[in-house]
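Reviewing the structure listed below.
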Number of protein chains: 2
Amino acid sequence: MQWSMHNNFSTPPPSLTSIRPARGRPREFDRQAALAAATRLFWIKGYEATSIADLTETMGIGTKSLYAAFGSKDELYAEALKYYYTTYEGLVWTRFRKAATAREAALAFLQDSAIAMTGGDCDLPHGCMATLATVGSEGHSELSELMRATRAGGFDILKARFDRAKSDGDLEATADTTKLARFVQTVQSGMAIRARDGADRDELHAVAEIALSGWDHITGNIDHRMQGKA
Amino acid sequence: MQWSMHNNFSTPPPSLTSIRPARGRPREFDRQAALAAATRLFWIKGYEATSIADLTETMGIGTKSLYAAFGSKDELYAEALKYYYTTYEGLVWTRFRKAATAREAALAFLQDSAIAMTGGDCDLPHGCMATLATVGSEGHSELSELMRATRAGGFDILKARFDRAKSDGDLEATADTTKLARFVQTVQSGMAIRARDGADRDELHAVAEIALSGWDHITGNIDHRMQGKA
DNA sequence: CTATTTATGCATCGATCACTGCATAAAGGA
DNA sequence: TCCTTTATGCAGTGATCGATGCATAAATAG
């Protein structure tokens with residue numbers, strides 16, 4: 001697939017220090033590979049549970065080099081999140097963009113999310129880094145806002161696509177695109193939690209399928225139904 | 001409402017130490033009130049981000065009393081999660097149990113979850129403690145498993161209700177109750193993330209409405225549809 | 001070869017973590 | 001009243017956190 005070439009989460013650097021444990025200057029380390037390794041670790045363990053010691057070990061570089069190259073743990077995480085999103089973005093939005101109708105786009109988004117959240121075509125960590133990083137970021141208001149903005153981006157893309165579908169006549173003029181986009185976004189967020197809890201790809205695909213199986217019903221007369229309370 | 005009387009998350013103890021800062025034995029503290037306060041703090045901040053110092057301050061008791069009464073941070077969290085669930089359980093499952101049909105039950109579950117996740121009828125913390133506590137629990141395998149089990153309980157209840165609906169003739173015999181329960185559980189999990197991100201009650205209610213608006217479609221012929229790929 | 005640059009391992013910093021020992025003093029039984 | 005019980009505030013435990021200073025030695029330029 002197209003995005004595989006940009007993806008090197010699954011190839012952690014071969015720990016350059018393992019061969020030559022002496023001091024002094026070894027080879028210049030691969031910044032991109034180190035960032036990919038850090039991203040993978042943050043993705044799996046989360047921000048707070050990942051220590052600098054964990055990072056240096058996984059990245060295969062020394063503490064000083066880490067700070068020289070990335071500034072601080074916060075800045076490294078921010079860069080990792082950006083790097084993650086650059087890769088992840090292609091996984092879940094490529095088929096979405098090429099879809100002819102709003103419904104096909106939403107289905108592609110959820111289906112490809114199901115694939116990405118269960119390892120993609122290689123051994124990606126399960127779940128969504130941006131979605132699941134919610135908790136445990138107390139005090140780090142800057143990072144917290146960055147993650148929130150990352151998540152909010154998904155909603156904007158969905159809503160824009162649904163709005164366009166209205167112009168195309170693909171969606172009825174009465175459809176509430178905001179609610180539709182929120183719904184799809186919510187389902188994807190729930191899929192991230194399920195993936196983290198061990199859900200396999202089939203389960204998530206089934207969820208995506210069910211979520212949109214009532215599409216014609218949803219996009220048509222939402223307001224006139226569902227008033228029956230128990 | 002029925003569950004309000006069991007709920008005292010919103011009444012943190014009035015810091016008994018504020019009046020008498022001297023040493024020595026003050027009044028015996030209210031264990032239940034202290035647990036409620038701890039639960040609320042864990043709920044808001046998560047396990048790792050909540051320190052013992054945070055807890056003693058919020059609970060209004062000393063460090064020694066905390067360990068004497070609850071054992072350790074892990075045990076306190078486990079007890080808090082149990083206390084949380086005891087209260088939360090009534091919020092989201094009461095109308096569910098009384099519902100006449102599977103669809104009404106699922107709708108009640110999602111609607112009441114929407115209410116509970118946005119503060120209930122008092123100022124409960126937003127989101128679901130059990131759902132959102134996923135990340136940041138690396139290494140604490142015991143707590144991790146406890147939280148997973150708590151989340152899994154919701155699925156079991158949903159599936160059992162849907163299975164019963166099959167016997168009642170309420171659901172068609174071809175309906176896949178496992179997939180249905182997974183779907184509803186996934187939507188609720190997604191709502192928890194949205195609530196934590198600031199979603200208001202109306203938004204979550206809309207999500208619940210949309211999620212089940214295609215119910216007849218979903219429960220009927222899932223297998224024969226949704227094969228259109230982009 | 002020599003001098004400069006640069007990334008390293010290692011030791012260490014102050015802060016904070018979960019947790020505990022100790023002297024103190026209020027509550028409860030005699 | 002006296003004595004035991006008990007919960008406390010406070011100091012301090014070792015461990016680990018993110019982050020830094022330093023001497024070292026490989027790479028590079030002249």
Side-chain angles (χ1 to χ4, degrees), chain A residues 13-35 37-38 41-42 45-80 136-140 142-143, chain B residues 13-35 37-38 41-42 45-80 136-140 142-143:
Chain A
S15 185
L16 303 172
T17 62
S18 60
I19 308 173
R20 189 199 42 74
R23 291 193 177 185
R25 177 181 181 178
R27 287 177 43 210
E28 201 166 332
F29 69 87
D30 184 341
R31 192 182 189 280
Q32 193 77 355
L35 176 59
L41 195 59
F42 276 133
K45 302 191 65 173
Y47 176 79
E48 302 213 335
T50 304
S51 68
I52 298 294
D54 294 332
L55 288 166
T56 54
E57 185 180 0
T58 302
M59 298 164 81
I61 64 175
T63 314
K64 288 295 292 180
S65 311
L66 189 153
Y67 281 94
F70 300 101
S72 69
K73 188 186 178 186
D74 282 33
E75 292 174 78
L76 174 58
Y77 187 86
E79 202 164 341
S137 60
E138 286 289 328
H140 299 267
E142 200 166 331
L143 280 186
Chain B
S15 187
L16 304 172
T17 62
S18 60
I19 307 174
R20 190 197 42 75
R23 293 195 175 185
R25 176 180 182 178
R27 287 176 43 210
E28 203 166 330
F29 69 87
D30 185 342
R31 192 181 188 280
Q32 194 76 354
L35 177 58
L41 195 59
F42 276 133
K45 302 190 65 173
Y47 175 79
E48 302 213 334
T50 304
S51 68
I52 298 294
D54 294 333
L55 288 166
T56 53
E57 185 180 0
T58 301
M59 298 164 81
I61 65 175
T63 314
K64 287 296 293 179
S65 310
L66 189 153
Y67 281 94
F70 299 100
S72 69
K73 188 187 178 185
D74 281 33
E75 293 174 78
L76 174 57
Y77 187 87
E79 201 164 341
S137 59
E138 285 289 328
H140 298 268
E142 199 166 331
L143 280 185

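Fair warning: this is a prediction, and the values are worked out from it, not measured in the lab.
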Starting at [atom1] of [X] and ending at [atom2] of [N], how long is that distance when rounded to a whole Å?
X: B:Glu57; N: D:dG9; atom1: CD; atom2: P; result: 12 Å
X: B:Glu75; N: C:dC19; atom1: CD; atom2: C1'; result: 13 Å
X: B:Leu55; N: D:dG9; atom1: CG; atom2: C1'; result: 17 Å
X: B:Leu66; N: C:dC17; atom1: CG; atom2: P; result: 14 Å
X: B:Ile61; N: D:dT6; atom1: CD1; atom2: C1'; result: 14 Å

If you look at every heavy atom in [X] and [Y], which pair is closest and at what distance?
X: B:Leu143; Y: B:Asp74; result: CD2-O, 3.7 Å
X: A:Ile52; Y: A:Thr63; result: CG2-CG2, 4.1 Å
X: A:Gly46; Y: A:Thr50; result: O-OG1, 2.6 Å
X: A:Lys73; Y: A:Glu48; result: NZ-O, 4.0 Å

message = Applying ring-ring contact (aromatic ring centres under 6.0 Å, His included), can you list everything that pairs with B:Phe42, at least two apart in sequence or on another chain?
response =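 Partners of B:Phe42 under the ring-ring contact (aromatic ring centres under 6.0 Å, His included) test: B:Tyr77.
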task = Can you sort out the partners of A:Glu79 under salt bridge (charged side-chain N to carboxylate O under 4.0 Å, His left out), two or more places apart, ordered by chain and number?
result =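 Salt bridge (charged side-chain N to carboxylate O under 4.0 Å, His left out) check on A:Glu79 returns A:Arg31.
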Any N/O pairs under 3.5 Å between the protein and nucleotides 18-20 of chain D? List them or say none.
| residue | atom | partner | partner atom | Å |
| --- | --- | --- | --- | --- |
| D:dG18 | OP1 | A:Thr50 | O | 3.3 |
| D:dG18 | OP1 | A:Lys73 | NZ | 2.6 |
| D:dG18 | OP2 | A:Ile52 | N | 2.8 |
| D:dA19 | OP2 | A:Tyr67 | OH | 2.8 |
| D:dA19 | OP2 | A:Lys73 | N | 3.0 |
| D:dA19 | O5' | A:Tyr67 | OH | 3.3 |

